[in-house]
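Presented below is the structure to which this report refers.
Sequence lines set the chain letters: A, B, ... in the order given, protein chains first and strands last, and positions in each chain run from 1.
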2 protein chains.
Amino acid sequence: MDSRIHDILRRNQLSVTASREKILNLFLTNTRALAHADIEHKAGERFDRVTVYRTLQTFVEKGILHTIPTADNSVKYALCKNDCFEGHHHDNHYHFICSVCGKTECLEEFIIPSVKLPKEYLANNVEIVVNGICGACRKK
Amino acid sequence: MDSRIHDILRRNQLSVTASREKILNLFLTNTRALAHADIEHKAGERFDRVTVYRTLQTFVEKGILHTIPTADNSVKYALCKNDCFEGHHHDNHYHFICSVCGKTECLEEFIIPSVKLPKEYLANNVEIVVNGICGACRKK
DNA sequence: TAACTGTCTGCAACAAAGTTGCAAAATATA
DNA sequence: TATATTTTGCAACTTTGTTGCAGACAGTTA
């Protein structure tokens with residue numbers, strides 16, 4: 001298994017267990033974001049539902065993964081870039097969901113534009129999710 | 001009951017029923033967005049869960065309400081402005097959620113900035129949700 | 001305003017999603 | 001390798017959301 005996996009877990013003070021290695025590996029080998037169900041029903045693997053919930057929760061807390069809110073109200077998870085650390089997510093990129101193939105991806109190369117707010121209001125975090133059709137699906 | 005309620009329902013070819021009137025009234029008398037649970041457990045009212053689901057779904061389909069995706073993955077509903085009509089939401093505003101009081105509101109006065117996408121990608125809908133602290137909570 | 005027609009409601013039963021406690025198993029540390 | 005600590009997986013449960021259907025209700029027409 002990829003040596004990065006062991007490093008990531010240890011760097012976050014997490015014991016290296018089989019489930020954590022496998023789940024983290026899914027994210028390292030998939031560019032697209034994954035939902036809870038994608039992981040639980042992954043072909044060739046059988047994870048306990050509870051373990052998946054707890055693992056994902058731990059990874060988010062540690063800043064290894066971040067969540068992507070979607071319009072249909074299903075949470076997806078994606079790898080954070082290296083500069084996230086415990087409790088402080090620095091994901092100032094936005095997300096794209098293809099309405100044809102369902103692919104969900106982080107658009108790391110684009111920075112979130114600044115948004116205006118009413119006086120006295122304080123912004124903490126800005127989530128942007130773009131729905132549309134990805135390049136691959138448009139060519140079909 | 002507010003005469004606007006009757007008008008809105010009739011304009012959308014919906015029969016005027018007690019549940020629909022009451023639920024719509026909640027939105028007209030609350031400026032903040034409401035979640036399914038807010039409605040179901042509204043003090044003094046007892047709605048059947050199924051009726052609430054179906055009513056909200058119908059209102060969204062008709063363009064009376066729109067949904068707001070939230071980071072914690074719970075859908076909230078808010079009134080659409082008048083120019084939404086069946087199947088075509090024109091909510092090009094964004095949403096603010098106060099992390100102190102939980103208030104969720106539509107920032108109707110600000111237009112969604114244009115977002116950049118990779119070549120060949122097509123944007124259909126852009127959802128922006130700002131998390132932060134509202135003016136009232138900052139003053140406390 | 002009575003009768004008819006189509007829509008809406010509420011119940012029951014179910015399916016899916018998420019949570020909690022706990023004993024056994026695995027990991028980390030010394 | 002032994003011990004302390006963390007993690008897993010099961011069972012049982014709660015919450016959330018869905019479907020079918022019979023009875024109730026709203027809207028229309030005479």
Q57(B) CD to dT16(D) C1', in whole Å, measures 14 Å
With the side chain defined as heavy atoms from C-beta on, Y53(B) is closest, among dT8(D), dG17(D), dG10(C), to dG17(D)
Side-chain heavy atoms of E127(B) within contact of E127(A), under 4.5 Å
no
Atom CG of N12(A) and atom C1' of dA28(C) are separated, to the nearest Å, by 16 Å
Can you see if the side chain of R49(B) gets near the phosphate of dT16(D) - specifically, an N or O under 4.0 Å from OP1 or OP2?
no
Output yes when at least one side-chain N/O atom of T17(A) is less than 4.0 Å from OP1 or OP2 of dT8(D), else no.
yes
Parallel, tilted or perpendicular, judged at 30° and 60°: which one describes the rings of H93(A) and H66(A)? perpendicular
Comparing A37(B) with D48(A), nearest DNA chain D nucleotide closer to 5' gives the residue D48(A)
*asked:* Quick one, K103(A) and F96(A) - any side-chain contact, counting heavy atoms below 4.5 Å?
replied: no
note: K62(A), atom NZ; dT7(D), atom P; distance rounded to Å ~ 9 Å
Taking dT7(C), dT9(C), dA12(C) as options, the one with an atom nearest any side-chain atom of T51(B) is dT9(C)
Among dG10(C), dA26(D), dT7(D), the one nearest any side-chain atom of L14(A) is dT7(D)
Quick note, V50(A) side chain, CB onward, closest among dT7(D), dT19(D), dG9(D) is dG9(D)
From the candidates dC10(D), dT6(D), dA26(D), the one with an atom nearest any side-chain atom of S15(B) is dA26(D)
note: K76(A), atom NZ; dA17(C), atom P; distance rounded to Å ~ 13 Å
Winner on side-chain proximity to R54(A), out of dG10(C), dA28(C), dG9(D), is dG9(D)
dist Q57(B):CD -> Y77(B):OH (nearest 0.5 Å) comes out at 8.0 Å
Between CD of Q13(A) and P of dT5(D) the distance, given in whole Å, is 17 Å
Mind checking whether F27(A) and I39(A) have side chains closer than 4.5 Å, heavy atoms only? yes
On DNA chain D, more 5' by nearest nucleotide between T55(A) and H36(B) is T55(A)
Whole-Å distance, E40(B) CD to dT18(D) P, equals 13 Å
In whole angstroms, the gap separating P of dT27(C) from NE2 of H6(A) amounts to 11 Å
note: F47(B), atom CZ; dC8(C), atom C1'; distance rounded to Å ~ 15 Å
